[in-house]
Amino acid sequence: MKEQLAKIKSEALAAFGAVASPAALDELRVKYLGKKGELTAVLKQMGRLTPEERPAMGALANEVRAALEGAIESASKKLEASAMEARLKAEAIDVTVPGKPVKQGHKHPMYSALDEIKDIFVGMGFTVLDGPEVELAELNFDRLNAEEGHPSRDWSDTFYFDEDSRVMLRSQTSPMQVRAMDTMPLPIRIIAPGRVYRKDEVDATHSPMFHQVEGMVIDKNVTMADLKGTLNLLAEELFGKGTVTRFRPHHFPFTEPSCEMDVQCHKCGGAGCPTCKGEGWIELLGAGMIHPNVLRMAGIDPEEWSGWAFGMGLERTAMRRFKIADLRLIFENDVRFLEQF
Ligand code: PHE
């Protein structure tokens, strides 16, 4: 029996040491330690031993069982470790392989121009306002001193939502003047950029949707000189020191006096070229001193307060700022065009 045990032990240990898979290991475990296993079979013969022989043989049997169990344990650990190693090898990532480049976008040139404009005005203490594109005709026209019958109210120019022409896509950012007067304490310094809509056919300089930036100041003793000083500074900041501007008389219902500001052509320096259509000047914005009627309708006393306002086309400004010839390029979003900025 002693020899039997020794034989089982040495055979089993050799077998466990060489085992190659968890399934094979399990088979071996059953073969030696299972209910019908070899060691179990030997132990079953213990009954035949004399009481004197039994303790020593029992101890030996236990030692063999412990040795086998230990061998199983370490074989199973070895299998686990090599399985993990194989998996790590199979799933290895080569961090030195160059990555696939991700195309990174950047800001649209028009929004870069808008950011510059915002920075300039925020630096002068202005607040940036946002407002609705679907607007009441009351704010877009009536409150801006453009009464019934004003040509800009015509259905051929404006997108209305209803038969009685009360709700519309705003045709200018100027209703933001009224919204600011109605909601903000005086004095007021605001700019309000956003989309506006007019029934225009698309061409090199027109689009039914475009962007404006409205600007307005209301304070005591505000004059046309403040307007000109501020807008000249804007032109220099946007287009470079020494940029020459020109103010031409104009008409808007909500400003009096009204003007348009031109910037001397950056291409020809005023001599006249295709960019400025031979004029030497490029129109940039409309502006003026806020009409007393507009102040009065907002409950502001024009004897005590005065103000100025301007509205500039953002696409036009971006076109000038980045020397873009055709408005359509701004909206087409062709990456070959956009990548240049
Ligand atoms: N709203 C005018 C336009 O769209 C521009 C403007 C704004 C003029 C403010 C004067 C004052 O043409």
Where the side chain of Y32 meets the backbone of T40, is there a donor-acceptor pair that is under 3.5 Å apart? no
Kindly say whether the aromatic ring centers of F310 and F121 come within a distance under 6.0 Å.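 Yes: the rings meet the under 6.0 Å criterion.
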Residues [X] and [Y] bridged, charged N to O under 4.0 Å:
X: D182; Y: R143; result: yes
X: K31; Y: D26; result: no
X: D219; Y: R189; result: yes
X: E116; Y: R321; result: yes
X: E135; Y: R179; result: yes
X: R328; Y: D326; result: yes
X: R87; Y: E91; result: yes
X: R65; Y: E69; result: yes
X: R336; Y: D334; result: yes
X: E260; Y: R246; result: no
X: R316; Y: E283; result: yes

Can [X] and [Y] be counted as having a side-chain donor-acceptor contact under 3.5 angstrom?
X: E214; Y: Q177; answer: yes
X: S171; Y: N140; answer: yes
X: E53; Y: T50; answer: yes
X: H211; Y: E315; answer: yes
X: D157; Y: S152; answer: no

Counting heavy atoms not belonging to [X], are there more than 12 under 6.0 Å from its [atom1]?
X: R248; atom1: CZ; result: yes
X: E304; atom1: CD; result: yes
X: N221; atom1: CG; result: no
X: D130; atom1: CG; result: no
X: K2; atom1: NZ; result: no

Plane angle bin for F141 and Y160 - parallel if under 30°, tilted between 30 and 60°, otherwise perpendicular: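 The arrangement is tilted - the two ring planes meet at 30° to 60°.
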Tell me whether the rings of Y111 and H108 are parallel (<30°), tilted (30 to 60°) or perpendicular (>60°). perpendicular
Distance in Å, T127 OG1 paired with K118 NZ, rounded so as to fall on 0.5 Å steps: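 One gets 12.5 Å once the value is rounded to the nearest 0.5 Å.
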